[in-house]
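Each chain gets a letter, A, B and so on, in the order its sequence line appears, and its residues count up from 1.
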Number of protein chains: 2
Amino acid sequence: MATLSEENYLKAIFHLSRHDKTVVSTNAIAQKMETKASSATDMIKKLFEKGLIDYEKYKGVKLTENGRLAAVSVIRKHRLWELFLVDKLRFSWDEVHEVAEQLEHIKSKKLTRELDAFLEFPTEDPHGDPIPDANGNMPSSQKLLLAKVKQLQRCICVGVKDSTPKFLQYLDKHKIALGTEITVLSRESYDESMALKINNIQRTISKEVAHNLFVKIS
Amino acid sequence: MATLSEENYLKAIFHLSRHDKTVVSTNAIAQKMETKASSATDMIKKLFEKGLIDYEKYKGVKLTENGRLAAVSVIRKHRLWELFLVDKLRFSWDEVHEVAEQLEHIKSKKLTRELDAFLEFPTEDPHGDPIPDANGNMPSSQKLLLAKVKQLQRCICVGVKDSTPKFLQYLDKHKIALGTEITVLSRESYDESMALKINNIQRTISKEVAHNLFVKIS
DNA sequence: TTTAATATTTAGATAAGACTAAAAATTTAT
DNA sequence: ATAAATTTTTAGTCTTATCTAAATATTAAA
């Protein structure tokens, strides 16, 4: 069984390797974990000893199949709990992360299985991210940047890339929230701005905004 | 904020002092925590430094008001989660303890508050133990040993004192489970055995059984 | 009330996970 | 291709929570 700290490192490596496709550096891990490179090296050795990562000195790190399964299991729990908090306990999308960071480490196969059933076997969390199944299979994400949405397509806001207060306040002011329905009317090739219909009101947004808002096609 | 280990010690002290009425010895704490007396002493010093217990060398330990609040808060969460697991996630009463031991340490005021609301502000957990309120007030327990129940009184099985497999198997064989309704027909003063009506069938149980089964008057 | 038994504390060690500072390897730039 | 910059690793320290063994205090017994 992996410790809490080991699970957090595995999760970090999984995300950094973009679902286990690339090799990850010690520094990148340290940065993501908000710790020092020497601490990362220590943990890398430990995960290697446990057969959870492939590792050669100075050459970076890659999850083994066991490591990937452990990471995905934590991510599965994280996303199930986020959905539980939003759907059942009246949390809003921006309040769930911190609590889910704790809940994701609870060890009980039955709990995860029953929570999944209670939520009626969901495939996406409140941010539009896919929820891996019990076998560790990750459905491909249905979320994309608003900037990529085609003309006349309808979509639903599911998250932000930039989560700074400034951007969140901008969204608030312009009545864009999680779940808001957006229709792309047109795009301006000169400055990459976009004309949208939001709540039946027409509005123009800049390239910056379009590149920091995640949506799901509806 | 108390660490996980500190919370477990506070909980142990609370239970050992029978809701904070008596002084607790180092050895008793060590035994409850399944650790050595020297480890208990170490933790006692730490809790004392943090103002969570009163302590004089060789004289035993007592929770301060802050310590009591911290302990009760953990117990509140434990019991809310146990109820959640049984009522919402199809756990049975004997499966919940281990998971609740983990969930009780999740730190989020909002989570506890919303869980309480989701469960419609319950006052008892699945074992018939009272759930403290958000201010740390503990409703008095409504559960008692079957041996104490008066003649012709109806009650409901809410837990066991002896949780060894042997006893649980005995209960199973005689169709006594959590929630089973029991009516006390009579008691034999000679051997303290009791005549009961269980599921409309008359049955006699020994003193040993009567002293290991918790019920709630209904 | 002095001794024996028990309970408690102290001292020193260990493992996990973090840190700093310094050494070694790798990569980049001249 | 060598020097400089960067990255990674090593060595040694710290804290938390545990342990064993030894010392000290308290309680019980003769």
Residues of residues 10-18 of chain B with a heavy atom under 4.0 Å from any atom of DNA chain D, listed by number, are none
Here the distance between atom C1' of C:dA16 and atom NZ of A:Lys50, to the nearest Å, is 10 Å
- Query: Does a nitrogen or oxygen in the side chain of B:Lys36 sit under 4.0 Å from OP1 or OP2 of D:dT18?
  - Reply: no
Could you write out each protein N or O paired with an N or O of nucleotides 10-15 of chain D at a distance under 3.5 Å?
{"residue": "D:dT10", "atom": "OP1", "partner": "A:Lys57", "partner atom": "NZ", "Å": "2.5"}
{"residue": "D:dT10", "atom": "OP2", "partner": "A:Lys45", "partner atom": "NZ", "Å": "2.5"}

Separation of C:dC19 atom C1' from A:Met43 atom CE, nearest Å, is 14 Å
| Does a side-chain N or O from A:Tyr9 land closer than 4.0 Å to OP1 or OP2 of C:dA18, or not? | yes
Has A:Ser5 got a side-chain N or O lying under 4.0 Å from the OP1 or OP2 atom of C:dA18? yes
Just list the side-chain donor-acceptor pairs under 3.5 Å for residues 112-128 of chain A, sequence neighbours left out, or say none.
{"residue": "A:Thr112", "atom": "OG1", "partner": "A:Ser108", "partner atom": "O", "Å": "3.2"}
{"residue": "A:Glu114", "atom": "OE1", "partner": "B:Arg90", "partner atom": "NE", "Å": "2.8"}
{"residue": "A:Glu114", "atom": "OE1", "partner": "B:Arg90", "partner atom": "NH2", "Å": "3.1"}
{"residue": "A:Asp116", "atom": "OD2", "partner": "A:Arg76", "partner atom": "NH2", "Å": "3.2"}
{"residue": "A:Asp125", "atom": "OD1", "partner": "A:His127", "partner atom": "N", "Å": "2.7"}
{"residue": "A:Asp125", "atom": "OD1", "partner": "A:Gly128", "partner atom": "N", "Å": "3.1"}
{"residue": "A:Asp125", "atom": "OD1", "partner": "A:Asp129", "partner atom": "N", "Å": "3.0"}
{"residue": "A:His127", "atom": "ND1", "partner": "A:Glu82", "partner atom": "OE1", "Å": "2.9"}
{"residue": "A:His127", "atom": "NE2", "partner": "A:Trp93", "partner atom": "O", "Å": "3.1"}

Hey, are A:Thr164 and A:Asp162 close enough side-chain-wise for a donor-acceptor pair under 3.5 Å?
-> yes
side-chain contact (heavy atoms from CB on, under 4.5 Å) filter on A:Asn27, not counting sequence neighbours, yields A:Ser25, A:Ala37
Comparing nearest nucleotides in DNA chain C, the 5'-proximal residue of the pair A:Tyr58, A:Glu6 is A:Glu6
Residues at least two apart in sequence or cross-chain that pass ring-ring contact (aromatic ring centres under 6.0 Å, His included) with B:Tyr9, listed by chain then number, are none
Contacts satisfying ring-ring contact (aromatic ring centres under 6.0 Å, His included) that involve residues 23-78 of chain B (not counting sequence neighbours) are B:His78-B:His97
### Query
Can you check whether B:Ile53 reaches B:Val24 side chain to side chain, under 4.5 Å on heavy atoms?
no
Contacts of B:Phe91 meeting ring-ring contact (aromatic ring centres under 6.0 Å, His included) (sequence neighbours excluded), chain-then-number -> none
Collect all protein-nucleotide pairs involving nucleotides 1-4 of chain D in which both atoms are nitrogen or oxygen and the distance is under 3.5 Å.
none

Item to complete: Considering just the side-chain nitrogens and oxygens of B:Ser39, establish if one lies under 4.0 Å of OP1 or OP2 belonging to D:dC19.
Response: yes
Does a side-chain N or O of A:Thr35 approach OP1 or OP2 of C:dC19 to a distance below 4.0 Å, or not? yes
Between A:Met33 and A:Lys59, the residue closer to the 5' end of DNA chain C by nearest nucleotide is A:Met33
Next on the checklist: Measuring to OP1 and OP2 of D:dT6, would you say a side-chain N or O of A:Asn27 lies under 4.0 angstrom away?
Outcome noted: no
To the nearest angstrom, the CG-C1' distance between A:Leu4 and C:dA18 comes to 14 Å
Sequence neighbours excluded, the answer for side-chain contact (heavy atoms from CB on, under 4.5 Å) partners of B:Ser189 is none
Residues at least two apart in sequence or cross-chain that pass ring-ring contact (aromatic ring centres under 6.0 Å, His included) with A:His174, listed by chain then number, are A:Tyr170
From CD1 of B:Ile44 across to P of C:dT10 the rounded distance in Å is 11 Å
Between CD of A:Glu49 and P of C:dA16 the distance, given in whole Å, is 11 Å
Residue pairs meeting side-chain hydrogen bond (donor to acceptor under 3.5 Å, both in side chains), one or both in residues 131-142 of chain B, sequence neighbours left out, come to B:Asp133-B:Asn137
To the nearest angstrom, the CD1-P distance between B:Ile29 and D:dT18 comes to 13 Å
| Side chains of A:Asn66 and A:Thr64: is there a donor and an acceptor less than 3.5 Å apart? | no
B:Thr22 meets the side-chain contact (heavy atoms from CB on, under 4.5 Å) criterion, sequence neighbours left out, with B:Ser17, B:Arg18
